[in-house]
Structure formats: structure tokens, C-alpha cells
Amino acid sequence: MKKLTAKELRNMWLNFYKERGHVAIPSASLVPENDPSVLFTTAGMHPLVPYLLGEKHPCGKRLVDIQKCIRTGDIEEVGDDYHCTFFEMLGNWSLGDYFKKEKIAWSFDFLTNPNYLGIKKEDLAVTVFAGDETAPRDNESYECWKKCGLTDAQIFFLPKEHNWWILASGVGPCGPDSEMFIDTGKKKCSKDCNPSCNCGKYVEIGNDVYMEYVIKNKGGKAEPNKQRNVDTGFGFDRLLYISNGYESVYDSELFMPIIKKIEEISNLFYLLNNETKRNMRIIADHIKASVFMICDGVVPLNVEQGYVLRRLIRRAINCARKLNFDGSRLAELVGVVVDIYKEFYPELVEKQSEIEKQILLENEKFSKTLSQGIKEFEKVCKYTTNGVLNGKTAFRLYDTFGFPLELTKELAKEKGLGVDEEGYKEAFKIHQEKSKMAGDKVFKGGLADTGENTVKLHTAVHLLNSALKHIVSPDINQKGSNITSERLRFDFNCDHKLTDEEKKALEDYVNECIKEDIPVVCKEMSLDEAKSLGAVGVFENKYGDKVKVYIIGDKSTEICGGPHVKHTGELHHFKIVKEESSSAGVRRIKAILD
């Protein structure tokens, strides 16, 4: 396998698919724009769901990108050889264009051609869908891999849990996938050893998803879909460490400069012992993830994305404490992360000072409660049942002293104690329910819902943005939005709580636009043309050089992926149900259509 630098691998991926008719698009934000089912973009397909569902992408039917992602489900495992919170996905898509025959041939070529990864054909293994009551066995993928030269011993038929993709809702486009693995040469763990057994013999490197079906009702049978899509994902960090023969993802150029800086700050050697190594890896991972999250507008809070960020920073601070240096020095790692990624993500350079500021502020806040919290922890440790810390007590440490559950668990582990996690979750749930204000309701959500009411609310967001600029301040800009089938949530910069008069004026403005029944016109143009029209585009960097611009008379001109209604009259009536603080300098409006 060819040894590659990060830059070489990035360019190799993008150029490979550009040569095959794909348009390179930039990474979308880590914070999903209209997906209430996840806090962060966890896979390359998340920002493209509207187009996988049939919406026309301004850059065409063949796309390629490198998408930044955050996953926190394995936070406890961070520090081992493989797990990371922040990572990048190499992705490419066919939106109703080519299908299995072309895609499998290209995947095989990229993997084995000496001009690309150069993996020996004999070292590959792949899996395909075995078939069940939902859909038949994927013989087409099997035959395609056979034509590439793989033997039956290298092709494994696996069930739905391993080789089937569907939206989290259980309905919508779906289909079989084909996963690609490197056979490490290790001895089989059993006669039934295959890529699903996690014994270490097979290491996954990529996945092709074939969305050829649609399920219209939950639990129903898959039917052929009108638009057949291909979604490919290869783990960038994993490919980099495998291609260079590293023992760990942390040995690559994407981590070692950060670890070297931690060595300098702590005056400790990375390989001193396993505990030191683990703490340095956690710091490197968590600060890198924090840098990218803050760059995309997340700030430390006790809810949603902000809570995840706070957990990461405070966990890094605790690891710094174990390495005998002050958490304020973690801000010195920001510049190292920026230097590693600035060529591909230049926005990091612009945001560097703000990122450092947020980490220093969070360290200051945490420091005020840490010593007192540790004293309290020492006190409550004396009152455990069967060596397990009470869940309510663990939650009080969080609620009063800002201790994330992970920190409490780590401190408890040092004393040989466990923590009642279910009790903690129950206490946290009660806390959330008590915190809800009158008039606020729990809204249902689903992954990238494109139902009729969601489309209407998407259009209402444009009108609300326009209303805020006209009524409150022309300097207001969108800081985030979240849309479900029942409500919209819109974040915007503002230095004061909106008055009742301002909220009434916003509602009147939007409802007047609805009453006028203004046509909603979509035009495709270059980004420069859109800017010359004065188009608003907070998320413009995710659409590439060619963009969709939605024009609503003289009220709103915005760069957006859609979809939207044809006329504003379809929205009926707009009502603000809540206005509150989202974070420092950012307000939040929740609104409905009735």
C-alpha cells in the first residue's frame, strides 16, 4: 500500500472523482442546518439528504467532497488506537446517475491501482447484502466484485444489520451497501470468521451504499425507488494511518504535532507510560474537536451541542490536571490544530482568536468550581452503596459544580467505584422537564424531514430572517436553524431580549408577506452572481461555486439548498411561540404555522 501524506490523500481522492465527472463541493458545517435528529454531522450524507430525496443539487448529479464529522458515542474509548471524536469522511455521490457497475469498478480501482492506494487485490475483503423479507439478496454487487477479480472467499454475504442502510425514521430511501475491508493476515478466530466478527482480522476502510429502494410505511416492504443514488464513504484518518503502517491514528501528522506540543507544555514524554499516553491522546482529540466545533459557531453550554463541547473541554482540562499543567495552557494547542488544517479549512485562521478565547473562558469557569467540586466528590464518595455512587448525587455534581458525567466516572474509577448511570440519566431527565417554560412543547423530529409542513417552515425561516433585518437591525445574521415537521427554530445575533412590540411586529411582517401570496422563485447562478444580487448566505460555503438562490419578491434573496413552497400564501399564518437566549449575544426564536 502506498505511503501518503494527508495532502496527497486529499488531492488523490478529489482528483480521482473529478476525473470521472464529479464536482468537488466544500465540507458542510458540523452543525446540521435542518436535521433535528442529530446534534452534529456524523456522516458525509447528512448535508446531502435533501438531494438524495430528489431535490436538485446546483452542482449536478455527481459530487465529491471531504466532510468533517463529530461522533461522541465512543467518547469513553477515545485514547485507544482508533477512536476519535472529530474525523473526516471522503465521500462521493451519484444522485440518480451511475449505479453499482460503475461505482464498484471505481472503488476497486481506487483501492488497488498502484497510482492510487495500491492495496494488493489479495488483501481485500468485501461484504454484500444477504437478502431477507425486506429486499432480495444483492447478487448484482456480488457479480460486480467478481468481475473485479475477487474470489468467493473474499466476498461475504451478511444480513441487514451489517449491510443495509435506511434513514433513522425507518421510512424513505434505503438499500443494500457493500463494505470494503483490508485482511490483516491474522489467523481466523473461527471457521465462521468474517468482517462482522470484530476479531481484528478485517479492518473496514470504506462503504458504498446503494439507495435503490424506498419504504413508504414503517416496517413495510422495500419498493424500487424512482431515483437510485450511490453514497460512498471512506474514513480519511483511518486510510491515512493504514497507508503509512502506523499502529494508531494518533501517530499520523494530524495528531503528532499536537502531542508534541502537549509534551512541551507538560514536560512529560508521550511514551512515558500508558496513562500518560492516553491522557495526551484525549487532550489532542478533544481540543481538535473543540476547535472545529467553535469554528462552526458552537459555544460551551449545558444543553445540546454546547453541552458536548463543554464535556470535551472540561475532560481535556481534567486530563491536563493529571499531567500537572493548568487548563489555560490548552489554548496554546489551538494554533497547532490551525496549522495542521488551515490549507483545507482556511476559516480556522479567521476564527483562531475566538476559539482560544472560548477555551480560556471555559477553563476559567471550570476552575472556579473544580476544586470545590472535587472536595464535594471526596465527601460523597464515603456514602456509596455496594461501591456505586448514587445517580442523583452524580447529577448534583453536574448541576452544582459543572462536572460532566464522564469526569465523575473517571474520578470514581480512580477510587475503584462505579456510578449509577441510569439514575443519573433519570435525574437529568427530570431536570430537563422542570426547566421547560410555559408554552414550550416537545416537538417530534426525524432525519431531514421533507414533508409538506417542513417545507413551509423552511420558507418561513427566510421571511423571519428578512423581518429581523427590517425591524430589529440590518446587522442581524442567522446563527443557526433547526426545522421539524411542527416548528422552526431560528438563532440570530442580537444584544437584547426582544420586546413584545418587536415580536408582534415580526409576526405582522411575515403574515403580511403570506397575505401577499408572493411567488417563490429559484434561480441557479455562480456564487459571485448571487453576492452581486445581495443574496444572504450564512451557509454559502457548503454549496460550492454554483448555488441555488431563492427569491421572494423584494422581501428575501437567500442562498439555500431548499426545498420551498411555490407561493407564500401556502404558509397560512405565522406565530412566534417563544423567544429566548441561545448563548452569549445570540437569541433564539421558536415559531409555528397555524
Side-chain angles (χ1 to χ4, degrees), residues 72-85 248 250 258-259 262-263 265-287 289-290 300 302 307-330 333 359 362-428:
T72 58
D74 296 322
I75 192 171
E76 295 287 344
E77 307 302 322
V78 169
D80 66 6
D81 289 340
Y82 310 108
H83 289 90
C84 299
T85 308
S248 160
Y250 294 94
I258 312 173
I259 290 171
I262 298 171
E263 284 186 315
I265 294 171
S266 65
N267 200 28
L268 292 172
F269 183 43
Y270 172 57
L271 298 177
L272 177 65
N273 53 53
N274 287 337
E275 189 62 23
T276 298
K277 181 167 68 173
R278 180 175 178 274
N279 283 318
M280 287 191 181
R281 286 178 173 182
I282 291 172
I283 292 172
D285 170 87
H286 287 10
I287 292 300
S290 299
N302 279 346
Y307 175 62
V308 176
L309 175 59
R310 174 159 282 169
R311 281 173 58 193
L312 294 176
I313 297 176
R314 293 191 172 188
R315 196 162 185 246
I317 292 170
N318 192 49
C319 289
R321 181 178 64 84
K322 293 177 182 178
L323 297 177
N324 299 315
F325 69 89
D326 188 77
S328 63
R329 301 204 64 184
L330 294 175
L333 302 177
I359 289 175
E362 185 59 22
N363 177 69
E364 185 179 333
K365 290 178 182 177
F366 193 34
S367 295
K368 290 179 180 178
T369 58
L370 185 60
S371 57
Q372 187 179 358
I374 289 176
K375 288 179 182 177
E376 181 67 14
F377 174 81
E378 294 288 344
K379 189 187 301 181
V380 299
C381 277
K382 298 174 184 177
Y383 305 100
T384 60
T385 303
N386 298 322
V388 177
L389 190 65
N390 182 278
K392 291 182 179 179
T393 301
F395 175 74
R396 188 166 62 82
L397 287 169
Y398 157 74
D399 192 33
T400 306
F401 302 102
F403 272 37
L405 177 60
E406 290 71 26
L407 176 55
T408 300
K409 285 167 63 178
E410 286 188 11
L411 292 173
K413 187 178 179 180
E414 291 174 7
K415 292 185 173 293
L417 300 174
V419 177
D420 174 17
E421 293 187 49
E422 290 305 315
Y424 173 91
K425 290 175 184 176
E426 184 61 30
F428 190 84

Does the pair E376 and K379 meet the rule for a salt bridge (Lys or Arg N to Asp or Glu O under 4.0 Å), with working shown?
CA-CA 5 Å; E376 181 67 14; K379 189 187 301 181; 3.6 Å; yes
Just do the side chain to side chain contact (heavy atoms under 4.5 Å, CB included) check on L330 and F325 with the steps written out, would you?
CA-CA 9 Å; L330 294 175; F325 69 89; 4.0 Å; yes
For M280 and K277: C-alpha separation, side-chain torsions, deciding distance, then whether side chain to side chain contact (heavy atoms under 4.5 Å, CB included) applies.
CA-CA 5 Å; M280 287 191 181; K277 181 167 68 173; 6.0 Å; no
Could you go through L323 and I265, starting from their C-alpha distance and side-chain angles, then the distance that decides it, and tell me whether this counts as side chain to side chain contact (heavy atoms under 4.5 Å, CB included)?
CA-CA 9 Å; L323 297 177; I265 294 171; over 6 Å; no
From CA spacing to verdict: side chain to side chain contact (heavy atoms under 4.5 Å, CB included), T85, L312
CA-CA 9 Å; T85 308; L312 294 176; 4.1 Å; yes
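In plain terms, the two heavy atoms of G373 and L397 that are nearest each other are O-CD2, 4.1 Å. A pairwise comparison of heavy atoms in A412 and F377 identifies N-CZ, 3.5 Å as the closest pair. The two residues D420 and N390 have their closest heavy-atom pair at CB-C, 4.2 Å. Listed here is the closest heavy atom pair of I259 and A284: CG1-CB, 4.1 Å. Taking every heavy atom of both residues into account, P300 and R310 meet most closely at O-NH2, 3.5 Å.
The side-chain contact (heavy atoms from CB on, under 4.5 Å) test applied to C84 returns V249, Y250, F255, D285, not counting sequence neighbours. The side-chain contact (heavy atoms from CB on, under 4.5 Å) check on N318 picks up R321, K322, L407, E410, with sequence neighbours excluded. N273 meets the side-chain contact (heavy atoms from CB on, under 4.5 Å) test with E275, T276; sequence neighbours excluded. Applying the side-chain contact (heavy atoms from CB on, under 4.5 Å) rule to K413 yields no partners; only residues at least two apart in sequence or on another chain are considered. Residues passing the side chain to side chain donor-acceptor pair (under 3.5 Å) test with S367, sequence neighbours excluded: none. For Y307, the ring pair (Phe, Tyr, Trp, His ring centres under 6.0 Å) criterion is met by Y398, not counting sequence neighbours.
Checking side-chain atoms of D326 against main-chain N and O of S328 turns up a donor-acceptor pair under 3.5 Å.
Considering only heavy atoms from C-beta on, S248 comes within 4.5 Å of R281 through its side chain.
Taking 4.0 Å as the cut-off between side-chain N and carboxylate O, E426 and K392 do not count as a salt-bridged pair.
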